[in-house]
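Following: one structure in structure tokens, then a few remarks.
Being a predicted model, the structure only gives us computed values, none of them experimental. Note that these values count all heavy atoms, side chains included, but never hydrogens, waters or copies made by symmetry.
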Amino acid sequence: MNWYWPQRFDQRFSATVALLLLACAGAAQVPAPAAAAAADASAPQQEAVAKGQFRKATVRVGEIIEFELTSDHAPALEIIFPDSAASFAPFEYVGRRYRPTRTRQGRSLDQAVYRLRTFSLDSVQTLSVPITVLRGRDTLVVPTLPVQVRLLRTAPVVVAAVEVPALRQNLQLRPVATRFNYPYWLAGLAGLLLLAGGLVLGFRQRLRLRYRRYRLRKNHAYFLAQYARHVERFTLSRSLNNMERAITLWKNYLSTLTNFNITSLTTREIVARYHHDPDVRQALMLADRVIYGNQFSEEDAETDPIFDLLRQFAERQYELVMRVEGE
């Protein structure tokens, strides 16, 4: 009895140690999934603070589509919607409109409608925009849940099994309406103005001289025509008024021709002005004797040379001025 007892004790002790080792090994493997579950439970859940949706289910390439973004949140939460600088890929920003925040029954509602367009050729296009949440000094960017829109293709889908139809060329010219080319005409007009300005600046003196000579010729021709008319009237009527008009016209013309007014000068002063020219002295003295000396008769032929002498002197003065202007 005493011999068998130690043997049984050893067997029981060995079994107990084995069970303890198995229990420890199981306990070491059990906490791994439990810790993962606890970590998942303690991880913060990021809730979407805004949601977006397309107002149409389909869109064409380049067509504008409206994307509505709404947020229903607590009044104390500050939310900032994206602006034109945000990324709307694969869409392009065109514009937006929004409504002011409305608060009712402890909830605030923000709403904005974005006008977008796409040039991507993907059949299904997805959009998610970032929403900024302000929490004190921290800024949190939360993307919205992705929404999709289907691209509506306008070109027919080519089936590989179907033979592509041959294209027919049409090389006939089509009439095109003529349009006025404003830029070229304006550029040409500006060039002509610059050229004219350059010519005026470069040939200013010569152009001024040519214009001066043109005016002198025109005035001389006008004087001769008017002077001949007055002489003809005097010859027909033998009226002293016509003689006075002819002499006054002569004085006015010489005043304009020489830039010196002689209409208010006496006969002696006019003769002295023109260096005692014999034609001027003889013609004016005869005119004074006839007009102011009352020595005139209709048959008197001495008055006829007066007009010839004055006309010849005016022509000599004109040629003199033209020579001076030409130098």
Validation row: [X], [Y] side chains within 4.5 angstrom (heavy atoms):
{"X": "Gln111", "Y": "Leu69", "result": "no"}
{"X": "Thr132", "Y": "Ile79", "result": "no"}
{"X": "Val133", "Y": "Leu77", "result": "yes"}
{"X": "Ser123", "Y": "Arg153", "result": "yes"}
{"X": "Asp308", "Y": "Arg311", "result": "yes"}

Linked hydrophobic residues, Leu192 as query - side chain contacts closer than 4.5 Å = none
For Val124, the rest of its hydrophobic cluster, which grows through side-chain links under 4.5 angstrom |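 Under the 4.5 Å side-chain rule, Val124 groups with nothing.
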Check this for me: does any side-chain nitrogen of one of [X] and [Y] sit under 4.0 Å from a carboxylate oxygen of the other?
{"X": "Asp279", "Y": "Arg316", "value": "yes"}
{"X": "Glu269", "Y": "Arg273", "value": "no"}
{"X": "Arg97", "Y": "Glu66", "value": "yes"}

I'd like to know if the side chain of [X] reaches the main chain of [Y], judged simply by a donor and an acceptor atom lying under 3.5 Å from each other, with no hydrogens or angles considered.
{"X": "Trp250", "Y": "Leu310", "result": "yes"}
{"X": "Thr267", "Y": "Leu284", "result": "no"}
{"X": "Ser71", "Y": "Val49", "result": "yes"}
{"X": "Gln53", "Y": "Val147", "result": "no"}
{"X": "Thr144", "Y": "Val129", "result": "yes"}
{"X": "Arg96", "Y": "Ala112", "result": "no"}
{"X": "Gln317", "Y": "Ala314", "result": "no"}
{"X": "Thr139", "Y": "Arg135", "result": "no"}
{"X": "Arg281", "Y": "His276", "result": "yes"}

Residues, nucleotides or ligands: over 12 heavy atoms within 6.0 Å of Glu232 CD | no
Considering residues, nucleotides and ligands other than Arg215, do more than 12 of their heavy atoms fall under 6.0 Å from its CZ?
-> no
Can you tell me how far the [atom1] atom of [X] sits from the [atom2] atom of [Y], to the nearest 0.5 Å?
{"X": "Ile65", "Y": "Leu127", "atom1": "CD1", "atom2": "CG", "value": "9.5 Å"}
{"X": "Thr126", "Y": "Asp122", "atom1": "OG1", "atom2": "CG", "value": "9.0 Å"}
{"X": "Leu224", "Y": "Arg229", "atom1": "CG", "atom2": "CZ", "value": "12.5 Å"}
{"X": "Glu92", "Y": "Leu116", "atom1": "CD", "atom2": "CG", "value": "9.5 Å"}
{"X": "Phe260", "Y": "Ile262", "atom1": "CZ", "atom2": "CD1", "value": "8.5 Å"}

Does Glu68 have any salt bridge (Lys or Arg N to Asp or Glu O under 4.0 Å) partners at least two apart in sequence or in another chain, and if so, which?
->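 Counting only residues at least two positions away or on another chain, Glu68 forms a salt bridge (Lys or Arg N to Asp or Glu O under 4.0 Å) with Arg55.
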For Glu63, which residues count as a salt bridge (Lys or Arg N to Asp or Glu O under 4.0 Å) partner, sequence neighbours excluded?
->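 Salt bridge (Lys or Arg N to Asp or Glu O under 4.0 Å) list for Glu63, sorted by chain: Lys56.
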For Thr101 and Ser108, does a side-chain donor sit closer than 3.5 Å to a side-chain acceptor?
->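 Looking only at side-chain atoms, Ser108 and Thr101 do not form any donor-acceptor pair under 3.5 Å.
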Side-chain H-bond candidate by donor/acceptor type, Asp110 with Thr70, under 3.5 Å = no
Are Ile131 and Leu134 linked, directly or through other ILVMFWY residues, by side chains that come within less than 4.5 angstrom of each other?
->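 Each belongs to a different hydrophobic cluster.
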Using the rule that two of Ile, Leu, Val, Met, Phe, Trp, Tyr join whenever any of their side-chain heavy atoms come within less than 4.5 Å, decide whether Val271 and Leu309 are in one cluster.
->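 Cluster IDs for Val271 and Leu309 differ.
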Start with the C-alpha distance between Met322 and Arg217, add both sets of side-chain angles, then the distance that settles side chain to side chain contact (heavy atoms under 4.5 Å, CB included), and finish with yes or no.
-> CA-CA 9 Å; Met322 289 294 287; Arg217 287 194 298 269; 4.0 Å; yes
Determine, step by step, whether Val59 and Gln125 satisfy the side chain to side chain contact (heavy atoms under 4.5 Å, CB included) criterion, reporting the C-alpha distance in whole Å, the side-chain angles of both residues, the deciding distance to 0.1 Å, and the verdict.
-> CA-CA 10 Å; Val59 65; Gln125 300 184 20; 5.7 Å; no
For residues 94-150, which residue pairs qualify under ring pair (Phe, Tyr, Trp, His ring centres under 6.0 Å), counting only residues two or more places apart or in two chains?
->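 As it turns out, the ring pair (Phe, Tyr, Trp, His ring centres under 6.0 Å) pairs with a partner in residues 94-150, which skip direct neighbours, are Phe88-Tyr114.
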ring-ring contact (aromatic ring centres under 6.0 Å, His included) assessment of Phe180 paired with Tyr182 | CA-CA 6 Å; Phe180 189 77; Tyr182 289 98; 4.5 Å; yes
Just jot down the ring-ring contact (aromatic ring centres under 6.0 Å, His included) partners of Phe223, sequence neighbours excluded, or say none.
-> Tyr227, Tyr253
Measure from NZ or CZ of Arg115 to the centre of the six-membered ring of Phe67 and say whether it is under 6.0 Å with the direction within 45° of the ring axis.
->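 No cation-pi geometry.
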Do the rings of Phe234 and Phe307 sit parallel, tilted or perpendicular, given the 30° and 60° boundaries?
-> tilted
